[in-house]
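Here the structure comes first, spelled out in structure tokens, and everything after it is commentary.
Remember, it's 1-based here, ligands and their atoms both numbered in the order they're listed. Since we're looking at a predicted model, the values are computed, not measured.
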Amino acid sequence: MDTAFETRQEQARRSTAELGAQALLVTHLPNVFYLCGFTGSNAALLLLPDSVHMFTDSRYTLQARQQAQVSRVHIDRRSVAEQAGRVLRTRKGGKPLTVALESAHISLQESSLLKAAAGARTRWKPAVGLVEALREIKSPAELQAIRDAAKLGSEVMAEAISLIRPGVSELDLAAEIDYKMRRKGASGPSFETLVASGPRSALIHGTPTEKRLQKKELVVLDLGVILRHYCSDLTRTVFIGRAPSEIKRWYKAVEQAQQAALETVRAGVEAGQVDRAARLVLDRSRLGAYFLHSTGHGLGIEVHEPPRLGKRQKQKIRAGSVITIEPGIYIEGAGGIRIEDDVAVHATSVEVLTSAPRGLLEL
Ligand SMILES: [Mn+2]
């Protein structure tokens with residue numbers, strides 16, 4: 001077995017024991033991938049004290065054999081939860097077993113099937129964020145994948161900005177962005193590419209429409225790529241034409257808020273402190289009321305994963321984590337401005353992974 005997966009499975013067993021359980025049922029696909037390398041769209045992983053079982057269906061017979069670093073792959077028509085329940089029911093030994101279950105990642109129906117199939121000899125304990133906590137600390141290979149994804153995303157951003165001109169539709173621009181990332185080797189976008197122009201830029205998740213870009217408008221581009229299974233996430237805001245002084249003032253405030261957060265983030269600092277550093281700058285510019293989301297989030301196999309950089313988050317930023325720093329303001333009728341970069345937090349330093357220019361671009 002690949003030692004990276006062996007190590008992760010051992011760590012997951014340790015966290016499971018700390019929870020007071022002897023086994024872990026993993027139903028969140030990014031966690032299945034993290035623990036055994038399988039990338040199929042239907043799977044569950046059962047980590048028992050001395051074996052690891054993965055459940056999927058016949059579409060993945062060959063792929064599971066190639067990818068899954070487990071003791072045994074089960075291919076069956078039944079749902080993966082039911083399959084896991086049956087393995088638990090038929091296991092040897094008479095003692096009851098407590099199984100930690102990813103309760104945030106199983107449907108009510110699957111959960112009923114699982115519990116019925118496992119029978120009374122199995123007890124259940126909710127496990128929330130157990131594997132995610134392990135995923136927070138990236139290995140050198142994981143960090144390199146995110147670094148490369150961030151570099152690729154930055155290149156795509158530079159090319160996308162060069163395509164901005166009046167008359168181009170948001171959908172056209174988004175399609176070019178997605179095409180370019182694939183041509184550069186990405187397996188796809190890490191989330192639906194956002195292009196939002198004019199008043200639409202005030203929509204925090206402004207999915208592209210047929211609206212055409214016009215002179216004297218803000219344009220927010222938010223894009224991310226998946227490369228070797230790891231995500232990047234990058235946002236830039238540009239103005240078409242010479243920006244009025246009010247837009248310049250707003251932009252400067254967001255830029256300074258991001259700078260303040262970047263100067264605050266380091267290993268051991270409370271996540272909330274990073275958020276508050278950005279918020280304080282916007283509050284002082286009387287723009288705090290327009291900053292409607294948290295300052296950032298973890299980045300890895302998923303584009304949004306722990307830690308969350310919200311104002312009340314007491315959790316400490318850990319060395320080895322990769323996070324986004326992305327303050328923004330959204331003013332109804334006028335538009336929105338967001339600047340987002342990805343950073344890797346090392347023991348004694350912080351590395352900015354994205355490289356597109358941060359200042360206001362007036363095109
Ligand atoms: Mn983001």
Side-chain angles (χ1 to χ4, degrees), residues 30 132 135-136 138 142-143 145-158 160-161 174 177-178 181 186 188-196 200-208 218-227 229-238 251 254-255 257-262 264-265 271-272 274-279 282 290-311 313 315 317 321-330 336-345 350-358:
E132 284 83 347
R135 280 171 43 196
E136 231 177 286
K138 271 69 183 177
E142 290 183 289
L143 174 58
I146 303 173
R147 204 181 264 130
D148 293 344
K151 183 164 178 276
L152 199 160
S154 303
E155 288 170 16
V156 173
M157 180 63 81
I161 288 172
I177 288 170
D178 292 356
M181 63 176 74
S190 55
F191 56 90
E192 186 180 354
T193 299
L194 304 180
V195 178
R200 295 194 73 254
S201 58
L203 301 169
I204 297 172
H205 272 212
T207 50
L218 285 164
V219 184
V220 174
L221 303 180
D222 189 349
L223 64 92
V225 314
I226 304 175
L227 185 65
H229 308 292
Y230 284 81
C231 299
S232 63
D233 190 0
L234 171 65
T235 307
R236 288 294 181 266
T237 305
V238 305
Y251 193 95
V254 175
E255 198 182 351
Q258 195 205 28
Q259 192 55 38
L262 286 169
T264 306
V265 65
V274 180
D275 180 86
R276 292 192 297 272
R279 218 162 280 282
L282 291 169
Y290 304 110
F291 181 18
L292 301 168
H293 51 73
S294 55
T295 294
H297 53 85
L299 197 60
I301 296 168
E302 289 178 278
V303 71
H304 291 110
E305 55 179 57
R308 208 173 76 79
L309 278 74
K311 79 177 143 186
Q313 295 288 316
Q315 193 191 348
I317 307 269
S321 58
V322 178
I323 56 176
T324 68
I325 301 287
E326 51 174 313
I329 57 170
Y330 310 90
I337 294 167
R338 177 166 67 256
I339 310 171
E340 174 180 35
D341 286 281
D342 304 338
V343 307
V345 181
V350 167
E351 174 189 357
V352 180
L353 306 179
T354 35
S355 63
R358 269 190 226 127

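In this structure the side chain of I337 never reaches within 4.5 angstrom of the side chain of R236, judged on heavy atoms.
The Mn ion (ligand 1) lies closest to atom OE2 when only the N/O/S atoms of E340 are considered. For D233, the N/O/S atom at the shortest distance from the Mn ion (ligand 1) is named OD2. In E326, the N, O or S atom that comes nearest to the Mn ion (ligand 1) is OE2.
Electrostatic pairing of E255 and R338 does not count as a salt bridge here, judged by no charged N lying under 4.0 Å from a carboxylate O. The pair R135-E302 meets the salt-bridge criterion, since a charged nitrogen lies less than 4.0 angstrom from a carboxylate oxygen.
A pairwise comparison of heavy atoms in S294 and G310 identifies CB-CA, 3.6 Å as the closest pair.
Coordination check, H297 versus the Mn ion (ligand 1): passed, since an N/O/S atom of the residue sits under 2.8 Å.
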